[in-house]
Structure formats: structure tokens, C-alpha cells
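For reference, the structure discussed in these notes is given below.
These numbers come from the heavy atoms of this one structure, side chains and all, not from hydrogens, waters or symmetry mates.
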Amino acid sequence: MMTRIGQVVMLHHAGDREEARDRFLKLWAEIGEDGDPLHRCTLAHYMADTQDDPDDELAWDLRALSAADELTDGRVAEHHDGLAVRAFYPSLHLNLAADYAKLTRHEAARSHLRLARAAVGTLSDDGYGDGIRSALARLESRLDEADPAGGQTPGPPRQRPQR
């Protein structure tokens with residue numbers, strides 16, 4: 001199944017978004033809502049990228065996170081030796097933060113950005129880890145521009161103490 005998912009990912013990366021989305025849906029039907037969490041997590045993670053509607057993208061990214069929460073390191077190691085579930089979380093939370101930012105739900109975006117930052121230490125200092133860290137910084141910058149108060153409403157002005 002992972003090979004088949006990878007083939008659809010390559011189709012998507014080659015530019016055929018609609019065909020990739022259709023094939024992912026067929027694989028999803030085959031896997032099922034209660035199927036192998038590794039397959040569900042991987043497919044949902046990539047399926048989100050094929051969505052045109054930001055709400056649909058969010059729904060798929062939430063499915064990926066939910067499936068990751070069911071994964072064990074043992075199951076992940078069966079697919080890729082030395083890979084741990086915790087290494088999935090920086091990317092999963094980054095994607096959710098980006099989804100919420102697209103939907104102008106800045107507080108939720110910042111919440112997932114914080115979760116991604118908290119998990120980023122699990123990543124190596126390699127191209128993938130550097131890419132995730134850079135994407136986190138770019139998203140944080142965009143959020144700061146869009147919502148400089150960080151979702152906080154300013155309180156009443158502070159009173160100076162009387163002398």
C-alpha cells in the first residue's frame with residue numbers, strides 16, 4: 001500500500017492534482033476509516049495537498065494527525081527502519097497551522113505552530129528538518145503580518161500609579 005500511495009504522490013508532484021485526488025480517494029476506500037494507521041496517516045497527509053477547498057484540506061490534515069496518534073514506533077519501523085512516530089508531528093502540525101491560517105483562524109494556527117515548534121527537535125539537521133524549520137519561520141512571519149496582536153485583544157490602557 002505504501003508503494004501505491006507513493007506512486008500517487010509522484011503523480012501529484014508531476015502536476016496531475018485531480019487524477020492524484022481521484023486515485024487517493026480510491027485507495028482511501030480500500031484502506032477504510034479503521035485501516036492501518038500508517039496508511040491512513042500517509043495517505044491523508046498527501047491527500048490534503050490535492051484539495052482545492054481549505055476546509056477539505058483541513059479535514060484531511062486532521063485525519064492524518066488522528067491516524068498518527070494511533071501509530072506506534074514499531075509499526076513505523078516496519079516501513080522505515082529507524083523512523084519514529086514523533087518525527088511525523090512537526091510536519092503534521094505545520095500543515096494544520098497553515099490550514100488554519102488560510103481559513104483566517106489565527107489563534108488555531110498559532111496553537112499548531114507552537115506544537116510544531118515543540119516537536120521540531122525530533123528532526124535531524126538535514127534537508128528535511130531544515131525545510132520544516134524554514135516553513136515554520138515563514139508561516140510565523142505571515143501570521144505576525146496578518147495578525148500582529150497574535151490573536152490577543154488589547155486590554156484597557158494601564159493606569160499610571162498615583163504619586
Open item on the list: For His93 and Leu65: C-alpha separation, side-chain torsions, deciding distance, then whether side-chain contact (heavy atoms from CB on, under 4.5 Å) applies.
Closed with: CA-CA 8 Å; His93 285 295; Leu65 180 63; 4.0 Å; yes
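- Here His112 and Tyr100 bring their ring centres to under 6.0 angstrom of each other.
- Heavy atoms of other residues, nucleotides or ligands lying less than 6.0 angstrom from CZ of Arg86 number 12 at most.
- A continuous path of hydrophobic side-chain contacts links Val120 to Leu139 [ILVMFWY only; heavy atoms under 4.5 Å].
- Here the CG-CG distance, from Leu43 to Leu25, works out to 8.5 Å after rounding to the nearest 0.5 Å.
- One finds a salt bridge joining Arg117 and Glu140 here, because a Lys/Arg side-chain nitrogen approaches an Asp/Glu carboxylate oxygen to under 4.0 Å.
- Crowding of Asp34 atom CG: a count of heavy atoms from other residues, nucleotides or ligands under 6.0 Å not exceeding 12.
- Contact check for Arg133 versus Pro90: no side-chain heavy atoms found under the 4.5 Å cut-off.
- In this structure, the side chains of Leu38 and Phe88 come closer than 4.5 Å at one or more pairs of heavy atoms.
- Hydrophobic clustering of Ile, Leu, Val, Met, Phe, Trp and Tyr side chains at less than 4.5 Å, counting indirect connections, keeps Leu94 apart from Leu58.
- A donor-acceptor distance shorter than 3.5 angstrom exists from the side chain of Asp73 to the backbone of Val85, with no hydrogens or angles considered.
- Around atom OH of Tyr46, no more than 12 heavy atoms belonging to other residues, nucleotides or ligands sit under 6.0 Å away.
- Shortest non-hydrogen contact noted between His12 and Ala20 is CB-CB, 3.6 Å.
- Contact annotation: the side chain of Asp49 never approaches that of Trp60 to less than 4.5 Å [non-hydrogen atoms, C-beta and beyond].
- Inter-residue side-chain proximity for Asp99 and Leu96 is flagged as met; some heavy-atom pair is nearer than 4.5 Å.
- Looking at Leu113 and Leu143, their side chains come closer than 4.5 Å, going by heavy atoms from C-beta outward.
- The structure places CZ of Arg105 at 11.0 Å from OG of Ser111, a figure rounded to the nearest 0.5 Å.
- Between Asp69 and Tyr89 there is a side-chain heavy-atom pair separated by less than 4.5 Å.
- No continuous path of ILVMFWY side-chain contacts below 4.5 Å connects Leu123 to Val76, so the two sit in separate hydrophobic clusters.
- Side-chain contact check for Val8 versus Lys26: every heavy-atom pair is 4.5 Å or farther apart.
- Inter-residue side-chain proximity for Met47 and Arg21 is flagged as met; some heavy-atom pair is nearer than 4.5 Å.
- Here Arg75 pairs with Glu78 in a salt bridge; the nearest charged N to carboxylate O distance falls below 4.0 Å.
- In this structure a side-chain-to-backbone donor-acceptor pair under 3.5 Å is present from Thr122 to Ala119.
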TODO: Test Leu11 against Gln7 for side-chain contact (heavy atoms from CB on, under 4.5 Å), laying out the working first.
DONE: CA-CA 6 Å; Leu11 179 68; Gln7 290 168 338; over 6 Å; no
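- A salt bridge links Glu19 and Arg23; the closest N-O separation between the charged side-chain nitrogens and carboxylate oxygens is under 4.0 Å.
- Residues Tyr128 and Leu83 fall into different hydrophobic clusters, defined by Ile, Leu, Val, Met, Phe, Trp and Tyr side chains chained together at heavy-atom separations under 4.5 Å.
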TODO: Start with the C-alpha distance between Glu57 and Lys102, add both sets of side-chain angles, then the distance that settles side-chain contact (heavy atoms from CB on, under 4.5 Å), and finish with yes or no.
DONE: CA-CA 10 Å; Glu57 186 174 1; Lys102 286 179 195 172; 2.7 Å; yes
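- At a threshold of 4.0 Å, the pair Glu30-Arg4 counts as salt-bridged, since one of the basic side-chain nitrogens sits closer than that to a carboxylate oxygen.
- Here Asp22 does not pair with Arg17 in a salt bridge; the nearest charged N to carboxylate O distance is not below 4.0 Å.
- The two atoms that bring Arg40 and Gly32 nearest to each other are CD-O, 3.3 Å, heavy atoms only.
- The environment of CG in Asp52 is crowded: more than 12 heavy-atom neighbours from other residues, nucleotides or ligands sit within 6.0 Å.
- Put simply, NE2 on His39 and CE on Met1 are 6.5 Å apart, with the number rounded to the nearest 0.5 Å.
- How far CG of Leu136 is from OG of Ser91: 9.0 Å, rounded to the nearest 0.5 Å.
- Annotation for Cys41 and Ala68: closest pair SG-CB, 3.9 Å, computed over non-hydrogen atoms.
- When the side chains of ILVMFWY residues are joined at heavy-atom separations under 4.5 Å, either directly or via intervening members, Leu62 and Trp28 end up in a single hydrophobic cluster.
- Residue Leu92 comes nearest to Ala64 through the heavy atom pair CD2-CB, 3.8 Å, listed as atom of the first residue, atom of the second, then distance.
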